[in-house]
Amino acid sequence: MELTPVTDLPEIRPGDDLADLIADRAGDTLADGDVLTVASTVVSKAEGRTADLADYPVSGRAQEIADSLGELAGEEKDPRFAQAVLEESTELLIEVPFLLTETRFGHICVNAGIDRSNVPEHDLLLLPKQPSESAARIRDGLTERGYEDVAVIVTDTCGRPFRHGQRGVAIGWDGMPASRDWRGEQDRDGRELGVTVQSVVDELAAAANLVTGEGADGVPAVVASDWAFGDLDGSDELFRSVEDDLIRQALRGWEWE
Ligand code: GDP
Ligand code: MN
Ligand code: MN
């Protein structure tokens with residue numbers, strides 16, 4: 001497997017056609033059947049998902065959250081930012097010492113994934129509304145440009161529970177399953193695997209994130225070649241539902257001291 005950055009992409013503007021811009025620069029690097037990862041930052045920019053703090057009139061709830069966050073941090077927190085996070089979320093899982101929420105498309109992350117870095121001219125960059133639909137549009141655009149069957153993964157950088165450090169995760173995908181189901185296959189001793197479902201889109205996103213970096217590199221898209229899902233067993237389940245998520249259920253009864 002080979003990971004190749006798509007270089008020389010410009011600053012992405014609202015309305016930009018990412019499939020076109022990427023196809024123009026990827027050339028022969030991108031081939032039929034490859035996987036293309038695209039950072040959500042540029043998908044959001046192309047989709048005009050920028051926002052300004054002034055767009056968010058503050059509700060009582062947002063003020064309350066900003067007050068408790070501010071008290072803990074020993075400095076004032078902008079309630080308009082809390083309001084933006086609330087508006088992008090369907091459930092608030094942790095309120096202090098940071099906001100952990102479920103976004104409208106089912107992904108759980110800090111601050112609803114709203115970024116304040118790599119956003120010129122605006123205060124905020126919201127995540128794409130439906131990242132798998134964004135991935136599908138990019139994939140269709142690449143098909144129109146003559147690329148056959150390129151799977152597309154929209155990535156973001158997230159922290160994780162239990163471990164220090166952040167890493168790339170998939171928040172949307174199209175053209176391949178989210179995971180590979182190993183259940184029913186055998187280990188080296190002939191024992192049947194009972195639970196292993198490998199989140200291949202997250203693993204590809206994390207690998208690609210090594211190439212994009214997190215700062216000023218200007219590399220939001222990466223081609224993964226010589227790797228294909230093929231016709232293995234897979235599934236599109238990535239985000240757990242509440243019934244299926246013990247950690248989330250535990251958090252509902254948990255309070256920060
Ligand atoms: P996120 O992980 O989706 O939140 O995105 P990051 O802010 O970590 O950026 C990922 C990569 O995309 C980094 O290499 C950035 O420098 C690059 N990047 C961000 N915005 C743009 C842009 O508008 N144009 C280009 N060419 N690169 C960008
Ligand atoms: Mn981000
Ligand atoms: Mn990142």
Side-chain angles (χ1 to χ4, degrees), residues 3-27 29-30 35-51 53 81 84-85 87-89 98-135 137-138 141 152-160 163-174 199 201-224 238-239:
L3 295 165
T4 312
V6 179
T7 50
D8 299 325
L9 281 162
E11 176 64 33
I12 302 302
R13 319 274 319 165
D16 278 352
D17 186 326
L18 284 176
D20 258 358
L21 291 170
I22 289 168
D24 281 345
R25 287 157 184 82
T29 306
L30 183 63
V35 179
L36 174 77
T37 68
V38 187
S40 52
T41 296
V42 293
V43 175
S44 292
K45 285 178 180 174
E47 293 178 358
R49 293 278 288 159
T50 47
L53 289 167
F81 183 73
V85 173
E87 289 186 22
E88 289 301 305
S89 306
F98 54 80
L99 289 169
L100 184 76
T101 74
E102 180 181 6
T103 65
R104 296 188 177 279
F105 59 92
H107 167 56
I108 293 176
C109 60
V110 172
N111 290 338
I114 300 176
D115 269 342
R116 288 189 266 197
S117 55
N118 281 328
V119 204
E121 293 168 37
H122 291 278
D123 299 331
L124 309 174
L125 190 63
L126 315 176
L127 286 180
K129 266 209 164 96
Q130 291 294 342
S132 287
E133 289 174 18
S134 309
R137 281 193 293 273
I138 295 169
V152 176
I153 300 174
V154 175
T155 68
D156 196 17
T157 305
C158 282
R160 56 250 170 100
R163 303 171 82 91
H164 286 292
Q166 292 158 359
R167 54 84 174 86
V169 296
I171 60 168
W173 62 97
D174 194 69
S199 175
V201 286
D202 276 343
E203 293 190 326
L204 288 162
N209 226 39
L210 289 171
V211 179
T212 65
E214 299 294 345
D217 302 57
V219 178
V222 176
V223 176
L238 187 66
F239 308 123

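For ligands, and for the atoms within them, numbers begin at 1 and follow the listed sequence. Treat the numbers as computed from the prediction; the structure is a model and nothing was measured.
Counting atoms of ligand 1 from 1 in the listed order, those under 4.0 Å from a heavy atom of Ala216 are 16 (O). Set against the non-hydrogen atoms of Gly215, the atoms of ligand 1 under 4.0 Å away are 13 (C), 15 (C), 16 (O). Within the listing of ligand 1, atoms 2 (O) sit less than 4.0 angstrom from a heavy atom of Thr157. Atoms of ligand 1 found under 4.0 Å from any heavy atom of Thr155 (numbered from 1 in listed order, with element): 3 (O). Near Thr212, with a cut-off below 4.0 Å to any heavy atom, the atoms of ligand 1 are 13 (C), 14 (O).
Nearest heavy atoms, His122 versus Ala51: CB-O, 3.7 Å. Minimum heavy-atom separation, Asp202 to Ala170: OD1-N, 2.8 Å.
Considering each of Arg25, Lys45, Arg13, Arg167, the one bringing a non-hydrogen atom nearest atom 22 (C) of ligand 1 is Lys45.
Looking at ligand 1, you'll find an N or O of Thr41 within less than 3.5 Å of one of its N or O atoms. Between Gly218 and ligand 1, at least one N/O pair is under 3.5 Å apart.
Within the structure, the closest approach of Pro10 to ligand 1 falls below 4.0 Å when heavy atoms are considered.
Looking at Asp174, its side chain never comes within 3.5 Å of a backbone N or O of Ser132 through a donor-acceptor pair. In this structure a side-chain-to-backbone donor-acceptor pair under 3.5 Å is missing from Thr37 to Ala205. Checked by atom type and distance alone, the side chain of Arg49 pairs as donor or acceptor with a backbone atom of Leu127 at under 3.5 Å. Checking side-chain atoms of Arg25 against main-chain N and O of Asp8 turns up a donor-acceptor pair under 3.5 Å.
Counting just the N/O/S atoms of Glu214, the one with the shortest distance to the Mn ion (ligand 3) is named OE1.
Contact annotation: Gln166 places no N, O or S atom under 2.8 Å from the Mn ion (ligand 3).
Interatomic distance, Phe81 CZ to Asp123 CG, rounded to the nearest 0.5 Å: 10.5 Å. Note that CG of Leu36 is 11.5 Å distant from CG of Leu204, once rounded to the nearest 0.5 Å.
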So Glu121 and Arg13, salt bridge (Lys or Arg N to Asp or Glu O under 4.0 Å) or not? Walk me through it. CA-CA 11 Å; Glu121 293 168 37; Arg13 319 274 319 165; 3.5 Å; yes
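For atom 9 (O) of ligand 1, the closest non-hydrogen atom of the protein is Asn118 ND2, 3.7 Å. Nearest protein neighbour of atom 23 (O) of ligand 1, counting heavy atoms only, is Ile12 N, 2.9 Å. Ranking the protein heavy atoms by distance from atom 11 (C) of ligand 1 puts Val219 O, 3.6 Å first. When hydrogens are left out, the protein atom nearest atom 8 (O) of ligand 1 is Glu214 OE1, 3.0 Å; that is the closest non-hydrogen contact. Shortest contact from atom 26 (N) of ligand 1 to any protein heavy atom: Leu9 O, 2.9 Å.
Between the side chains of Asn209 and Glu214, a donor-acceptor pair is found at a separation under 3.5 Å.
Rounding to 10°, one obtains 170° for the angle at the Mn ion (ligand 2) between OD2 (Asp115) and OD1 (Asp156).
Proximity of Lys129 to Arg104: side-chain heavy atoms (C-beta onward) are nowhere separated by under 4.5 Å.
Only side-chain heavy atoms of Asp115 come within less than 4.0 Å of ligand 1; its backbone N, CA, C and O stay farther off.
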